[in-house]
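The structure appears right after this line, and notes come after that.
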Number of protein chains: 2
Amino acid sequence: MVSMTSTAPVASHGPVTRKDVARYAGVSTAVVSYVVNGGPKRVAPATEAKVQDAIRVLGYRPNAAARALKLGSSETLGLIIPDNSNPFFSLLAHAVEDAAAELGFALLLTNSGGSLTKERRHIRNLAARQVDGVFLASVLFEPDLEDLAKADIPCVLLNNDRETEGFNSIGVDLAAGARTAVEHLLWHGHTRIGLAMGTNVSNDIDGRELGWREALRDAGVAEGPIIHSDFTRLGGYLAGQRLLAGPDRPTAIFASSDMQAIGILRAIHEAGLAVPGDIAVTSFDGVADAEYSWPALTTVEQPVRAMAAAAVTALVGAARHEPAQHRIFPTALHVRQSCGCPDGNAPQGA
Amino acid sequence: MVSMTSTAPVASHGPVTRKDVARYAGVSTAVVSYVVNGGPKRVAPATEAKVQDAIRVLGYRPNAAARALKLGSSETLGLIIPDNSNPFFSLLAHAVEDAAAELGFALLLTNSGGSLTKERRHIRNLAARQVDGVFLASVLFEPDLEDLAKADIPCVLLNNDRETEGFNSIGVDLAAGARTAVEHLLWHGHTRIGLAMGTNVSNDIDGRELGWREALRDAGVAEGPIIHSDFTRLGGYLAGQRLLAGPDRPTAIFASSDMQAIGILRAIHEAGLAVPGDIAVTSFDGVADAEYSWPALTTVEQPVRAMAAAAVTALVGAARHEPAQHRIFPTALHVRQSCGCPDGNAPQGA
DNA sequence: TTTGACTATTGACTCGAGTAGATCCGAAAT
DNA sequence: ATTTCGGATCTACTCGAGTCAATAGTCAAA
């Protein structure tokens, strides 16, 4: 190589655009696009090589904003959850991110903090950002999706066990799950089973409360005390204290979330009582924390990864205007020690 | 209201654009922009009212992709963390999201899973998406930021205690924090203090190991056993088992993360030993889980929210090409029960 | 009534990439 | 030697919003 006067030096100012690549490779901009996208037109192998070379040398990355503008798709999905520091939701977010990445979508994460105002603001914001879809773990059963509908942005409701006409949704059978957990306590011989129930913004009765009630009724056992409190460790702790202080103390407690159960365990320990000896505990969600509490929690696990994958599938389907689907996943009882089973090998059924 | 024939019905096909608003309000598109942005030119109050009206009626939201293309800014930041289901990182992500939202930025969340390949892929992807900045909690001490540099995208390294020339970074003083935790164990009279250390991809020695070593040396106490394992509950559990099975069992253990400590607690419980009676434990991070373990963990807390806020500030500064800054935050020892303090009111110093 | 000094508004170009339609060129068919 | 065909390539318009230079409009002073 005698000189390099024929190939222009890298311009270096500002980001590299398609035009720069075209100039460097000595072709038109259209060809560059065709090469980058395996475009709608074929390109001669020799030309393709030149272009690929130019791309490599210049370090060209197509501008996503321009692409999004032209194609009307940002290859981005939005996720709205109440609180990413809650283990259940952080696990869900992780699973959704993985499933979305699988299909080349990036994930815009937002926390609503359980506030309806914030939730609404985030929805509008995501709509303005031209996301291709939104996953919403709403604080309400029927969130306001008008902004999304206007922009023709599909949405799937996460963590939602009720079917609502025209809404895509993914959830678990809360009532059935709760039933399994309570039935397991009944199987252990308990007859005074309390409930620590989380509080939702909506006033509708939660499926877990229903499941608890049904299991007791079917077993012909009187309902134990119910305490409503936050779906948090602290909420569980406070609920636990009240449950222990009440007139006739339950011998077993079903908690509507693992976080609450962890708070309850603490309240029980502080009262100098033993789990499961004095009080047995089962709970809901199946997050990692449950396995490492002391004693390990017998809990009803939600198949989070499967749900996340299904959510992404549903969203893609919705984007193609396929009819809304509602999927309910089954839960699985993980028997560990907090229920009274000595080694976690007790019968899973009944 | 007699009729509504005078106001044109909403066009309804496709998303509403600036042009639609302009037509509806009977003005030019430029005026619409001026109104939306408090634009570079003034608009007569009467006209502004007409435009605002049109915007409200039509439900207009400016197209973020077009904006991003024109302005070269997507009002979006990227966050790369190893694992959003790890409580420390999910807390960090939440804090960063809040701080970013404060300034009108949305957050693109990605999980590297501790893999360098994935980390690199995510960096390229974020660069292509024209994010305005990237927060990176890297698996390495000197990650490859070439793609970001090329695109002139600022980056701040999170969870980073080493200063590296030309890199913005935020972190805590790992060594000092570890020191406090170990010194507290020494104060309790322990002289055989083991270390459960997490494993990093890099082979550099971790600040926490340094702090542990220094504290022991300064106290004239021989080094206890070290076990290296994952920064996870399981990692801690396995490390705990090995620490207990070793030739001369430590009477206290310092764990490099709360997650590990939680695993260790379990190993100790399973061995039929008491915490802190037989073995005292202290750890690092200060996540919520530490407060609700049994016994509650004495831990060195990282000021996550303050760090997140500082990270956002640093990123904004870097975007203005201010010189790179490196901020180290102090940690705070939270005394609870796992160390042997009966009520959590023990001296914080020494 | 004209000029000047503004202000409000508009037209038109731009950002970077996708792609339809036009054009170019070489080889096979006549 | 033409004509025809078809693949390769290029030209030019588009997406939606920001913004400057030019224009229209308004009112007070001369």
Side-chain angles (χ1 to χ4, degrees), chain A residues 11 13-52 54-55 58-75 127-132 150-152, chain B residues 11 13-52 54-55 58-75 127-132 150-152:
Chain A
H13 263 319
V16 183
T17 75
R18 182 180 64 162
K19 211 192 238 170
D20 300 323
V21 176
R23 183 172 17 246
Y24 187 95
V27 299
S28 77
T29 59
V31 175
V32 178
S33 277
Y34 297 150
V35 169
V36 170
N37 310 334
K41 306 237 171 135
R42 299 198 60 78
V43 172
T47 316
E48 161 144 18
K50 276 194 300 180
V51 173
Q52 291 287 16
I55 289 176
L58 301 180
Y60 168 71
R61 306 255 97 205
N63 181 317
R67 241 184 124 87
L69 173 59
K70 192 82 234 284
L71 299 179
S73 151
S74 55
E75 308 261 88
R129 283 169 186 276
Q130 316 288 115
V131 295
D132 295 330
K150 244 186 219 155
D152 193 34
Chain B
H13 262 319
V16 183
T17 75
R18 184 180 62 162
K19 210 193 239 172
D20 300 324
V21 176
R23 184 173 15 249
Y24 187 95
V27 298
S28 78
T29 59
V31 174
V32 177
S33 275
Y34 296 151
V35 169
V36 170
N37 308 334
K41 304 245 170 125
R42 299 200 59 78
V43 172
T47 316
E48 160 144 16
K50 274 194 302 182
V51 174
Q52 291 288 17
I55 289 176
L58 300 180
Y60 168 71
R61 304 258 98 203
N63 181 318
R67 245 184 120 87
L69 172 58
K70 194 80 234 287
L71 299 179
S73 150
S74 55
E75 308 261 87
R129 284 170 185 276
Q130 316 288 116
V131 295
D132 295 329
K150 245 187 219 154
D152 193 34

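Since this is a predicted model, take the numbers as computed values, not measurements.
Dashed line: the shortest gap from a side-chain N or O of Arg67(B) to OP1 or OP2 of dG18(D) is under 4.0 Å. Of the side-chain N and O atoms in Asn37(A), one or more sit less than 4.0 angstrom from OP1 or OP2 of dG18(C). At the phosphate of dG18(C), OP1 or OP2 sits under 4.0 Å from a side-chain N or O atom of Ser33(A).
A 4.5 Å side-chain heavy-atom check between Val35(B) and Thr47(B) finds every atom pair outside the cut-off. No side-chain heavy atom of Thr29(B) sits less than 4.5 Å from a side-chain heavy atom of Thr17(B).
Rounded to whole Å, atom P of dT19(C) lies 6 Å from atom CG of Leu71(A). Atom CG of Leu69(A) and atom P of dG18(C) are 11 Å apart (whole Å). For the pair Asn63(A) CG and dG16(D) C1', the computed distance is 14 Å after rounding to whole Å. In this entry the distance linking CZ of Arg23(B) with C1' of dT10(C) reads 16 Å, nearest Å. Computed from coordinates, the Lys19(A) NZ to dG16(C) P distance equals 8 Å when rounded to whole Å. One can place CD1 of Ile55(B) at 14 Å from C1' of dG16(D), the figure rounded to the nearest angstrom. To the nearest angstrom, P of dC13(D) lies 15 Å from CZ of Arg18(A).
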Distances for protein N or O near nucleotides 6-11 of chain D N or O, under 3.5 Å:
{"from": "dT9(D)", "atom 1": "OP1", "to": "Thr47(A)", "atom 2": "OG1", "distance (Å)": "2.3"}
{"from": "dT9(D)", "atom 1": "OP2", "to": "Ala44(A)", "atom 2": "N", "distance (Å)": "3.0"}
{"from": "dT9(D)", "atom 1": "OP2", "to": "Thr47(A)", "atom 2": "OG1", "distance (Å)": "3.4"}
{"from": "dC10(D)", "atom 1": "OP2", "to": "Ser28(A)", "atom 2": "N", "distance (Å)": "2.7"}
{"from": "dC10(D)", "atom 1": "OP2", "to": "Ser28(A)", "atom 2": "OG", "distance (Å)": "3.1"}
{"from": "dC10(D)", "atom 1": "N4", "to": "Tyr34(A)", "atom 2": "OH", "distance (Å)": "3.2"}

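Atom CZ of Arg42(A) and atom CD of Glu48(A) lie 9.0 Å apart (nearest 0.5 Å). Here the CZ-CG distance, from Arg18(B) to Asn63(B), works out to 11.0 Å after rounding to the nearest 0.5 Å. In this structure, the separation between CZ on Arg67(B) and OG on Ser33(B) is 8.5 Å, given to the nearest 0.5 Å.
No option in Asn37(A), Val43(A), Val27(A) other than Val27(A) meets the side chain to side chain contact (heavy atoms under 4.5 Å, CB included) test with Val32(A).
Where the helix from dT1(C)-dA30(D) to dT30(C)-dA1(D) starts and where it ends, the local axes point in directions that differ by 70°; five pairs per end, rounded to 10°.
Below the 3.5 angstrom threshold, one finds no donor paired with an acceptor across the side chain of Arg61(B) and the base of dG16(D).
Across all non-hydrogen atoms, the minimal contact from Ala65(A) to Leu69(B) is CB-N, 3.8 Å. In plain terms, the two heavy atoms of Ala68(A) and Ser74(A) that are nearest each other are CB-CA, 3.9 Å.
Of the candidate nucleotides dG18(C), dG16(D), dA17(D), dG18(C) has the atom lying nearest to any side-chain atom of Lys70(A).
Using modelled atom types, one side-chain atom of Arg129(B) and one backbone atom of Glu75(A) make a donor-acceptor pair closer than 3.5 Å.
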